[in-house]
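Since the structure comes first, as structure tokens, the remarks are kept for the end.
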Amino acid sequence: MRRNVGIGAINKQRLAREKLTQKGNEIAELQLQQVSQQMDVFKKSLEEFAMKYKNEIKKNPEFRARFQVMCSKIGVDPLASSKGFWAQLLGVGDFLLRAWCSDC
């Protein structure tokens, strides 16, 4: 009966460990690419929603509050900056941002 001992066994174990590490890295990279693609699609969908309902978001405090709650649940803050992406997309200035915050 032969046991896995000696230099050959150590090299075999090292090689197996390296293959597993490489495969783990490949899987992690693939998952990162998939998540990145999903986030791109999600961002685009959220932008389209914001553009479609831009006037409703500006004019209706209840709709605006619900939009804010929806955004906060997913970690997006459309009020982060008056010069930021969401402020430009929604066309809100400092005054509206202050008013928006007081409505929420």
Side-chain angles (χ1 to χ4, degrees):
M1 187 185 281
R2 189 165 186 195
R3 293 190 278 170
N4 289 329
V5 293
I7 300 292
I10 292 172
N11 286 337
K12 193 175 186 180
Q13 290 173 352
R14 181 185 49 80
L15 184 61
R17 197 170 30 252
E18 288 173 358
K19 285 182 180 181
L20 286 174
T21 300
Q22 180 182 2
K23 192 62 167 174
N25 290 340
E26 289 172 10
I27 291 171
E29 180 66 29
L30 181 62
Q31 288 176 335
L32 182 61
Q33 289 173 358
Q34 290 172 343
V35 168
S36 179
Q37 290 171 348
Q38 290 172 351
M39 290 302 292
D40 289 343
V41 169
F42 179 74
K43 180 183 176 198
K44 184 177 182 198
S45 296
L46 190 57
E47 289 171 8
E48 289 172 0
F49 178 87
M51 287 302 295
K52 182 176 180 179
Y53 296 103
K54 178 179 178 177
N55 291 332
E56 189 72 19
I57 292 169
K58 284 182 176 183
K59 293 177 183 177
N60 185 334
E62 184 178 340
F63 191 86
R64 185 170 51 246
R66 288 183 183 202
F67 178 72
Q68 176 66 28
V69 168
M70 179 186 70
C71 287
S72 68
K73 285 184 179 183
I74 57 173
V76 174
D77 186 4
L79 302 176
S81 167
S82 63
K83 294 183 174 126
F85 170 78
W86 287 103
Q88 291 175 356
L89 181 70
L90 296 173
V92 292
D94 289 336
F95 174 77
L96 187 54
L97 284 172
R98 281 189 227 109
W100 189 342
C101 290
S102 67
D103 286 345
C104 296

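For clarity, every value in this text was computed on a predicted model and none was experimentally measured.
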Worksheet item: Rounded to the nearest 0.5 Å, how far does CD1 of I57 lie from CE of M51?
Response: 10.0 Å
Discussion item. What I'd like to find out is whether the side chain of K58 reaches to under 4.5 Å of the side chain of K54, using heavy atoms alone.
Written reply: yes
Discussion item. If you count every heavy atom of other residues, nucleotides or ligands that lies below 6.0 Å from L15 atom CG, does the total exceed 12?
Written reply: yes
Discussion item. Quick test of your reading of the model: are E47 and K44 salt-bridged, counting only N-O distances below 4.0 Å?
Written reply: no
Worksheet item: Considering residues at least two apart in sequence or located in another chain, which fulfil the salt bridge (Lys or Arg N to Asp or Glu O under 4.0 Å) criterion with E18?
Response: R14
Discussion item. In the structure I gave you, are the side-chain heavy atoms of R64 and N60 within less than 4.5 Å of one another anywhere?
Written reply: no
Item to complete: Find the distance between CD1 (I10) and NZ (K12) and round it off to the nearest 0.5 Å.
Response: 13.5 Å
Practice prompt. Would you mind reporting whether N25 and T21 have side-chain heavy atoms less than 4.5 Å apart?
Written response: yes
Worksheet item: Is the distance between the ring centroids of F67 and Y53 under 6.0 Å?
Response: no
Worksheet entry | Under 3.5 Å: donor-acceptor pair, side chain of S45, backbone of V41 | yes
Fill in: Pairwise distance CD(E56) to CZ(F49) - rounded to 0.5 angstrom
9.5 Å
